[in-house]
Amino acid sequence: MSKGRRPSPTRGMRPPPTSPNATLKPRAFDPPRVAAEIVAALADAVVVTGVDRQVLSANRAAAELFGRPLDDLPGTPIDDLVAVAERQHVAEREHRAVEGEEQRYETTIVGANGDERVVAVSTTPLVVEGELLGTVATLRDVTEEKRAQDTLARSEARYRNLFESASDAIATFDANGRFTTFNHAAEIISGYRREELVGQWFAPMLPDDELPKALAHFQKALAGETGLFETSFYRKDGDVRTIQVTYSTPRLDEEVLCVIRDVTDQKMLQEQLIQSEKMSAIGQLVSGVAHELNNPLAGISAFAQLLLSEKRFPPDQRTAAEMIYAEARRASRIVQNLLTFARQHKPERTPTSVNQVLDDTLELRGYELRVRGIDVQRDYDEQSPETMADAHQLQQVFLNLITNAEQAMERAERDQQRLSIRTRRAGDLIRIEVEDTGPGIPPNLLERIFNPFFTTKPTGSGTGLGLSISLGIVREHEGRIWAENATQGGARFVIELPVVAPRPTGEFPSTPASHLVADRLHVLVVDDEASVRVALQRYLASRGHEVETTASGREALARMREDAFDAVIIDMRMPDVSGEQLFGELKARDPSYAERVIFTTGQLVDDSVRNFLASTGRPCVPKPFEFSAFDQVLPARRAS
C-alpha cells in the first residue's frame with residue numbers, strides 16, 4: 001500500500017464478503033482475518049478512533065456497551081458517547097495517547113437511551129506502516145464494581161465513625177493476643193496512645209492473679225465462643241481499674257474482638273449502696289439497742305441519785321454511788337450519740353455549738369483513740385458562738401476526719417501519736433482544724449483526695465466517698481474545707497464555717513422550766529420498767545407526793561376512771577397501750593386531764609415521737625433523767 005493511500009478503516013477487522021456462487025477452495029491460514037475475528041469476539045469493548053476523534057471501527061461488545069447498532073458507530077464523534085462532565089478529561093487522555101503515551105483511566109459514557117455507565121479505559125496509539133491513524137481504546141464496564149466499592153466505602157466509613165465515637169473501648173487482637181486495632185475510647189480508658197499498644201501483647205496490662213482467667217476467656221473467643229467477664233487492669237499511670245469485657249470472634253482462630261467498659265465507678269456505687277444498706281440496718285439495730293439500754297440506764301441513774309440523796313450515807317459508799325451515777329451518765333451520753341448518729345433525718349439547721357459537736361464525736365471514737373494510744377488535744381475557743389447548722393451532718397464530717405486521722409497515724413512509725421482539734425473565731429467565720437501526726441499527704445494528691453471514689457487505702461478499707469461527702473456538706477453550709485501538710489509533719493484538715501445567727505424554728509422546745517411545786521400532788525406513774533417505776537415512786541414520795549404506779553396503759557385508764565390524779569407520768573413505749581394512744585383516750589374523755597400529762601421516753605431521736613410530742617404541747621423528760629427535771633414540770637394541784 002502506497003503512503004498516499006489511506007487504508008480502509010475496517011481493515012483487519014472484517015473479512016471481505018464471499019459471493020454465494022463462489023466455489024469454496026481451501027485457503028492458507030490468514031492471520032489478519034483471525035485477528036479481526038478475535039477482536040470482534042472480545043468481551044471487552046474495542047473502539048478505534050481517528051485523529052479527528054471520530055469512531056472508525058468497533059466490535060460487537062462496544063455496540064452493546066453504547067446501546068447502538070454496530071453499523072451506526074463508525075463516524076460517531078467521541079464526545080457524543082461520553083458524559084458532558086467527562087468530555088474534556090477524555091479529550092486530554094486521547095491527546096496524550098496520540099502523542100504515544102499509553103493511557104489508563106476511568107470515565108463515564110452515555111448510552112443511546114441516556115443511561116450512564118462507568119468504564120475503565122485503556123488507550124494506545126494506532127500506527128499502521130509508520131502512519132498514525134488514531135487510537136485504539138479498550139473499555140470495560142465497571143459500574144457495578146464501582147457501586148460495590150462505594151457501598152463498601154460508605155459501610156467502612158460508618159463502621160469507622162461508630163468505632164471511633166463509641167463510648168466503650170473497642171479493641172481487636174490477633175491469635176497471639178497482640179493488639180491490632182484500638183479506638184479513641186480505649187485510649188482514654190487505658191491512658192495509652194494506640195501506636196503504643198498496637199502490636200503489643202495484652203498480658204502485661206493485667207495483674208498476675210487476673211491473667212489466668214483472661215487467657216482462658218481469650219482461648220474460648222478464638223474457638224468461636226462469645227462471652228462476658230470482669231477483670232482489672234493497670235492504666236498507663238499505674239491506676240488499677242475494673243473493666244467488663246464482652247468478646248466475640250470475627251474470624252475463627254485468627255482474630256478476637258473485645259468491647260471493654262470501665263465499671264470502676266459503677267462497682268464503687270454498688271459497694272456504696274450495699275454499705276449504705278448495711279449502715280441503715282446497723283443504724284436501726286443500734287437505735288433499737290440504744291433505746292433498750294436507756295431504760296436500765298434510767299433505773300441505774302435514778303437509784304444512784306436516790307442513794308446520793310441519803311444524808312446519812314457513809315462517805316466510802318457515797319463515793320461508790322457517785323461513780324455509779326457518773327458512769328451511768330457517761331453511758332447515757334454515748335447512747336445518745338449513737339442514737340443521733342444512727343438517726344435517719346432530713347437536713348435541718350438549728351443553733352449549734354461546734355465545740356459540743358466535736359466533743360460528742362470524740363466521745364464516739366474515745367475507746368478506739370485510747371486503745372491505739374492516740375493522745376487527743378482539744379484547743380477550743382470557748383467564746384466561739386453558736387451558728388445555724390445541721391449538727392448531724394457536721395458530726396458526720398468530723399467523724400470522717402477523725403477516723404481518717406486514726407488510720408493515717410496507724411501507718412506512721414512514731415512512739416507517741418497525737419490528734420489535735422482546734423476551734424477559733426476568725427471574724428465572721430468559725431475555723432476548725434483537725435491535725436494528726438501521721439505520714440502526711442503527698443503534695444500531688446492534696447487536690448485529688450476530695451474526688452469521689454479516690455482513696456489511698458487498701459482495697460476493702462474504704463469507699464473513697466468520705467471526704468467527697470464531707471466537701472458537699474461543708475459547701476451546703478456555705479463553708480470551705482481543704483487539706484494541707486503540717487509543718488512538723490502529719491496532715492491538717494481545715495474547715496471554715498460562716499457564723500449564722502440563730503433564728504426561731506419549729507423545733508420541739510426543750511423541757512420548760514417552772515417554779516418548784518410545794519403542793520402535795522396525787523401522781524400516777526405509768527411505765528413498764530420496774531426500776532423506773534420504783535425510783536420515781538421513792539423520789540416523788542420523798543418530796544411529799546402521793547404516788548401510784550402501774551406497768552400497764554390499760555390499767556392506768558381504769559385507775560383514772562376511778563380516781564383523780566394531779567399528774568400522770570407516761571412512758572411513750574409500752575407493750576399494751578402506747579403513750580400516744582393513752583394520751584389520745586385521755587384527751588377524748590377529758591381534755592383537762594390531758595393537760596396533766598408528763599411524758600418520759602428514750603426515743604427522742606425518733607422523728608415520729610418528736611412530732612407527736614411537739615403536737616401535744618406537753619413536757620417530756622428524756623431517759624435517763626435527773627429527778628430535778630420532774631420538779632420543774634409537775635403541775636399545780638388540781639382544784640377540788
Side-chain angles (χ1 to χ4, degrees), residues 43-45 47 61-62 64-67 78-94 103-123 137-190 192-200 202 218 221-222 224-228 243-262:
D44 289 341
V47 178
E64 292 176 4
L65 180 62
F66 292 109
I78 291 299
D79 284 349
D80 290 355
L81 305 176
V82 178
V84 175
E86 289 288 305
R87 288 175 181 174
Q88 182 177 354
H89 174 228
V90 172
E92 291 174 355
R93 292 286 189 165
E94 292 235 326
Q103 298 294 305
R104 295 181 183 276
Y105 61 96
E106 288 184 357
T107 189
T108 305
I109 63 169
V110 181
N113 59 358
D115 289 343
E116 294 186 350
R117 309 289 292 178
V118 179
V119 293
V121 184
S122 176
T123 305
T138 302
L139 296 81
R140 175 171 294 176
D141 189 345
V142 294
T143 305
E144 299 306 323
E145 182 182 337
K146 290 293 291 183
R147 286 176 182 169
Q149 289 177 351
D150 290 345
T151 301
L152 179 61
R154 287 194 297 271
S155 176
E156 288 180 346
R158 285 194 296 269
Y159 164 75
R160 177 59 57 184
N161 182 59
L162 177 63
F163 180 78
E164 290 298 338
S165 61
S167 58
D168 291 337
I170 302 175
T172 58
F173 304 85
D174 64 17
N176 295 319
R178 293 176 299 210
F179 287 93
T180 53
T181 55
F182 202 66
N183 73 344
H184 181 62
E187 290 183 311
I188 295 173
I189 289 176
S190 70
Y192 290 94
R193 297 191 306 275
R194 73 186 70 194
E195 57 267 23
E196 292 179 290
L197 282 185
V198 170
Q200 300 298 317
F202 68 79
F218 186 77
L222 282 177
E225 295 185 30
T226 59
L228 179 148
I243 53 175
Q244 187 180 78
V245 182
T246 304
Y247 57 83
S248 59
T249 311
R251 291 182 295 172
L252 194 65
D253 293 328
E254 293 185 20
E255 188 177 38
V256 173
L257 170 68
C258 292
V259 178
I260 303 166
R261 176 170 296 178
D262 187 338

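The figures that follow rest on heavy atoms only: side chains count, while hydrogens, waters and symmetry mates do not.
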ask   = Considering all heavy atoms of both residues, which atom of Ala62 and which atom of Ala45 are nearest to each other, and what is their separation?
value = CA-CB, 3.4 Å
note = Between the CD atom in Glu225 and the CG atom in Leu252, the distance rounded to the nearest 0.5 Å is 10.5 Å
query = Within the distance-only criterion (no hydrogens, no angle test), does the side chain of Thr151 pair as donor or acceptor with the backbone N or O of Arg147 below 3.5 angstrom?
reply = yes
inquiry  = If the test is side chain to side chain contact (heavy atoms under 4.5 Å, CB included), which one of Thr249, Thr246, Ile170 qualifies with Leu257?
reply    = Ile170
request  = Verify whether one side chain among Thr172 and Thr181 offers a donor that lies under 3.5 Å from an acceptor in the other.
outcome  = yes
query = Do other residues, nucleotides or ligands put more than 12 heavy atoms under 6.0 Å from the CZ atom of Arg140?
reply = no
task = Ignoring hydrogens and angles, tell me if any N or O in the side chain of Gln244 forms a donor-acceptor pair with the backbone of Arg261 under 3.5 Å.
result = no
ask   = Do any N or O atoms from the side chain of Asp44 and from the backbone of Thr138 form a donor-acceptor pair under 3.5 angstrom?
value = no
Under 3.5 Å: donor-acceptor pair, side chain of Asp79, backbone of Ala91 = no
request  = Mark yes when over 12 heavy atoms from residues, nucleotides or ligands other than Gln88 sit less than 6.0 Å from its CD; otherwise mark no.
outcome  = no
key: Distance-minimising heavy-atom pair for Ala61 and Ala43   = CB-O, 3.5 Å
request  = Identify the heavy atoms of Ala185 and Ala166 that sit nearest to each other, and give their distance.
outcome  = CB-O, 3.3 Å
task = Side-chain contact test, heavy atoms from C-beta onward, threshold under 4.5 Å: evaluate it for Val119 versus Thr107 and give yes or no.
result = yes
ask   = How many angstroms lie between CG in Asp174 and CZ in Phe179, if you round to the nearest 0.5 Å?
value = 10.5 Å
Glu196 side chain to Arg193 backbone, donor-acceptor under 3.5 Å = yes
ask   = Which pair of heavy atoms, one from Thr108 and one from Val82, lies closest together, and at what distance?
value = O-CG1, 3.6 Å
inquiry  = Is it true that Asn113 and Asp115 share a donor-acceptor pair across their side chains at a distance under 3.5 Å?
reply    = yes
note = Looking only at heavy atoms, the pair that brings Ser165 and Asn161 closest together is OG-O, 2.6 Å
task = Could you tell me whether His184 atom NE2 has more than 12 heavy atoms of other residues or ligands within 6.0 Å of it?
result = no
inquiry  = Is any side-chain heavy atom of Gln200 closer than 4.5 Å to one of Tyr192?
reply    = no
ask   = Ignoring hydrogens and geometry, is there a side-chain-to-backbone donor-acceptor pair from Arg117 to Thr143 under 3.5 Å?
value = no
inquiry  = Distance check, rounded to the nearest 0.5 Å: Ser167 atom OG versus Ile188 atom CD1?
reply    = 10.0 Å
ask   = For Arg178 and Gly199, which heavy atoms make the closest approach, and how far apart are they?
value = CD-O, 3.5 Å
Close side-chain approach of Leu81 to Ile109, heavy-atom, < 4.5 Å = no
Pairwise side-chain contact, Val121 with Gln103, heavy-atom cut-off 4.5 Å (strictly under) = no
inquiry  = For the CD atom of Glu255 and the OG1 atom of Thr180, what is their distance to the nearest 0.5 Å?
reply    = 5.0 Å
message = Classify the ring geometry of Phe218 against Phe202: parallel below 30°, tilted from 30° to 60°, perpendicular beyond 60°.
response = tilted
